[in-house]
Amino acid sequence: MPHLALYTFGVLKSPLADPAPLTREFYDIGEAVYRKISQQPGYLAHAEVTDVDRGALFEADWGTWGEFAVPTWYGKGRTVETTALATTLSLWTDLRPAFDAVYTGLHRAALNRRYDWFEKTEHPSYVFWWVSDGVIPTWQDGVSRLEHLHDQGSTPHAFSFHHSFAPDGTPTRVKGIGPKSDQAR
């Protein structure tokens, strides 16, 4: 059975290593959000490393998730001192569990504060695509799908909650997911 890959990307207003209270607050809530999301029904896995300093994303070993990559439009730093991004790569059983995890609870509360922490851009902040059972998506997969979504709009290759597709490529709509409920970007 196919699994749903989700890549998220946002440009932070200040580097992850910045000791300012707002950056610390984002980083601290991020750890709690990850713990909660990993307990959600339908959650399968996410890319992670161990024992890495805040901001050391580019040099980290991500194992089967591949070499760390970012979209071409990311123009901030790539060192521990200058990296100003937040990104995730995860696997889900289906759209409904991913939607519920994103738009409820602690993650929803964090979304409500996203403009405190993130720059507003003209680019999408997340993308979905289907992968075959047993396939682990890579960071480069996520980047290329996000760029495809930006350039081409939602297609079976790369899509959003707003315009989603079933594993066979047919358009699909999950109850409660659509234009009126997909306000967070």
Legend entry - Leu85 and Leu57: CA distance, side-chain angles, deciding distance, side-chain contact (heavy atoms from CB on, under 4.5 Å) verdict: CA-CA 9 Å; Leu85 62 89; Leu57 303 172; 3.4 Å; yes
Inset, instruction - List the steps, then state whether side-chain contact (heavy atoms from CB on, under 4.5 Å) holds for Phe26 with Leu12. - result: CA-CA 10 Å; Phe26 168 77; Leu12 293 163; 4.0 Å; yes
Inset, instruction - For Asp133 and His3, run side-chain contact (heavy atoms from CB on, under 4.5 Å): C-alpha distance rounded to whole Å, both residues' side-chain angles, the deciding distance at 0.1 Å, then the answer. - result: CA-CA 6 Å; Asp133 188 26; His3 293 139; 3.0 Å; yes
Inset, instruction - Start with the C-alpha distance between Phe161 and Tyr126, add both sets of side-chain angles, then the distance that settles ring pair (Phe, Tyr, Trp, His ring centres under 6.0 Å), and finish with yes or no. - result: CA-CA 9 Å; Phe161 281 125; Tyr126 72 94; 5.6 Å; yes
Inset, instruction - Evaluate the criterion side chain to side chain donor-acceptor pair (under 3.5 Å) for residue pair Thr88 and Thr8; output intermediate values, then yes/no. - result: CA-CA 5 Å; Thr88 65; Thr8 67; 2.4 Å; yes
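With hydrogens and angles disregarded, a donor-acceptor distance shorter than 3.5 Å links the side chain of Arg145 to the backbone of His157. Judged by distance alone, with hydrogens and angles left aside, the side-chain atoms of Thr138 form a donor-acceptor pair with the main-chain N or O of Asp141 at under 3.5 Å. No donor-acceptor pair under 3.5 Å is formed between the side chain of Asp100 and the backbone N or O of Pro97.
The minimum heavy-atom distance linking Gly142 with Trp129 is given by the pair CA-CH2, 3.4 Å. For the pair Ile29 and Ala110, the tightest heavy-atom approach, listed with the atom from each and the gap, is CD1-CB, 4.4 Å. When every heavy atom of Pro137 is checked against every heavy atom of Leu89, the shortest pair comes out as O-CD2, 3.6 Å. Between Ser125 and Leu146 the shortest heavy-atom distance is C-CD1, 4.3 Å. Contact between Lys76 and Ala84 at its shortest, heavy atoms only, is CD-CB, 3.5 Å. The two residues His46 and Tyr34 come nearest to each other via the heavy atoms CD2-CE2, 3.3 Å.
A cation-pi geometry, defined here as NZ or CZ lying under 6.0 Å from the six-membered ring centre and within 45° of its normal, holds between Lys120 and Tyr115.
Using a cut-off of 4.0 Å between Lys/Arg side-chain N and Asp/Glu carboxylate O, Glu25 and Arg113 are scored as salt-bridged.
Of the listed residues (His150, His123, Glu147), just one forms a side-chain hydrogen bond (donor to acceptor under 3.5 Å, both in side chains) with Thr72, and that residue is Glu147.
Atom CD1 of Ile37 is separated from atom CG of Leu106 by 8.5 Å, given to the nearest 0.5 angstrom.
Between Trp92 and Tyr43, the ring planes are perpendicular. Angles over 60° get that label, and only those under 30° would be called parallel.
Considering only residues two or more places apart in sequence or on other chains, Phe165 meets the ring pair (Phe, Tyr, Trp, His ring centres under 6.0 Å) condition with Phe159.
Ring centroid separation for the pair Trp139 and Trp62 comes in under the 6.0 Å cut-off.
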